[in-house]
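Counting starts at 1 for both ligands and their atoms, following the listed order.
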Amino acid sequence: MTSRTIALASDHGGFEMKEMLKKQLEAWGYGVLDLGTDGPASVDYPDYAEAMAAAIRAKVAESGVLVCGTGIGISIAANRHPDIRAALVHDAVTARLSREHNDANVVVFGGRVLGPEVAKDCLKVFLDTQFEGGRHAKRVAKMSIPLDQPESMSKFWKE
Ligand code: RB5
């Protein structure tokens with residue numbers, strides 16, 4: 001049993017995989033926070049990325065799982081939120097490196113393009129891997145510049 005709570009959210013394209021991963025997380029002893037969607041009816045993935053961002057920002061979950069059909073739309077949407085580092089992964093290597101190098105706090109899957117066993121494997125690796133820090137910490141910090149202080153990024157576009 002672990003005290004970690006993992007939030008999950010998907011659109012209709014990721015609904016089936018989200019449900020499967022929710023059961024797997026519960027079987028592993030995690031607390032789960034299901035942010036929807038609740039069925040196969042068509043919905044808009046940015047709304048579920050936003051719900052995930054709110055949960056991470058409020059610290060009601062320490063990590064998250066997002067799923068849409070390809071994983072692309074919901075990861076683009078999630079990464080527009082400054083507290084989110086969402087990584088679209090497709091194997092154990094990308095899942096591991098998303099934690100070691102990028103300190104990703106949300107793992108993203110394409111429910112229509114990734115097999116369930118691969119997704120489970122990726123999720124386990126993602127949750128069990130620590131951020132390496134060191135040379136990666138500065139790079140992650142550069143991605144954490146508050147969006148309401150764009151002047152702090154001026155060196156990147158003024159020269
Ligand atoms: C929904 O049909 C689909 O476009 C969505 O799940 C996702 O794949 C978008 O990137």
Side-chain angles (χ1 to χ4, degrees), residues 4-28 30-129 131 136 139-140 142-148 150 153 156-157:
R4 291 168 75 184
T5 296
I6 312 300
L8 299 106
S10 75
D11 72 353
H12 53 290
F15 173 67
E16 206 176 307
M17 181 172 280
K18 172 181 68 80
E19 294 299 299
M20 182 276 290
L21 293 174
K22 182 168 68 173
K23 287 196 191 87
Q24 184 61 70
L25 284 167
E26 286 167 343
W28 286 335
Y30 288 92
V32 298
L33 175 65
D34 187 348
L35 302 167
T37 187
D38 301 324
S42 183
V43 293
D44 299 331
Y45 55 80
D47 298 335
Y48 294 88
E50 187 173 0
M52 176 63 68
I56 297 285
R57 192 178 315 123
K59 299 192 192 313
V60 290
E62 71 174 60
S63 307
V65 179
L66 288 173
V67 195
C68 71
T70 59
I72 296 170
I74 208 161
S75 55
I76 292 171
N79 280 311
R80 297 180 71 83
H81 296 275
D83 298 321
I84 299 292
R85 289 180 301 282
L88 174 56
V89 309
H90 50 266
D91 55 27
V93 175
T94 47
R96 177 172 58 80
L97 290 172
S98 78
R99 290 288 309 128
E100 287 180 351
H101 290 192
N102 312 114
D103 199 17
N105 53 8
V106 174
V107 65
V108 187
F109 299 115
R112 292 174 177 158
V113 297
L114 194 71
E117 292 306 316
V118 178
K120 277 191 240 178
D121 194 29
C122 289
L123 181 55
K124 176 144 186 46
V125 170
F126 179 83
L127 293 172
D128 289 349
T129 305
F131 178 46
H136 304 294
R139 297 163 187 166
V140 171
K142 281 188 173 184
M143 295 191 288
S144 305
I145 293 167
L147 296 183
D148 59 354
M153 290 187 75
F156 295 114
W157 64 72

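- Considering only heavy atoms from C-beta on, Val106 stays 4.5 Å or farther from Arg85 through its side chain.
- Near Asp11, with a cut-off below 4.0 Å to any heavy atom, the atoms of ligand 1 are 1 (C), 5 (C), 6 (O).
- Between Glu26 and Lys23 there is no salt bridge, since no side-chain N of the basic residue sits under 4.0 Å from a carboxylate O of the acidic one.
- Residue, atom and distance of the protein heavy atom nearest to atom 3 (C) of ligand 1 are Arg112 NH1, 4.0 Å.
- When hydrogens are left out, the protein atom nearest atom 7 (C) of ligand 1 is Cys68 SG, 3.3 Å; that is the closest non-hydrogen contact.
- Heavy-atom contacts of His12 reach the following atoms of ligand 1: 1 (C), 2 (O) (cutoff under 4.0 Å).
- Side chains of Met17 and Ser10 form no contact here, defined as non-hydrogen atoms less than 4.5 Å apart.
- For Glu16, the CD atom sits in a loose shell: 12 or fewer heavy atoms of surrounding residues, nucleotides or ligands are nearer than 6.0 Å.
- Between Ile72 and ligand 1, a contact under 3.5 Å exists for no N or O pair.
- Ranking the protein heavy atoms by distance from atom 10 (O) of ligand 1 puts Gly73 N, 2.9 Å first.
- Side-chain contact between Phe131 and Glu100: absent, with no pair of heavy atoms (C-beta onward) separated by less than 4.5 Å.
- Nearest protein heavy-atom contact of atom 4 (O) of ligand 1 is Tyr45 CE2, 4.7 Å.
- Looking at Asp34 and Lys18, their side chains come closer than 4.5 Å, going by heavy atoms from C-beta outward.
- When all heavy atoms of Ala78 and Ile84 are compared, the closest pair comes out as O-CB, 3.4 Å.
- With respect to atom 8 (O) of ligand 1, the closest heavy atom belonging to the protein is Thr70 N, 2.9 Å.
- Those atoms of ligand 1 with a heavy atom of Gly69 less than 4.0 angstrom away are 5 (C), 6 (O), 7 (C), 8 (O).
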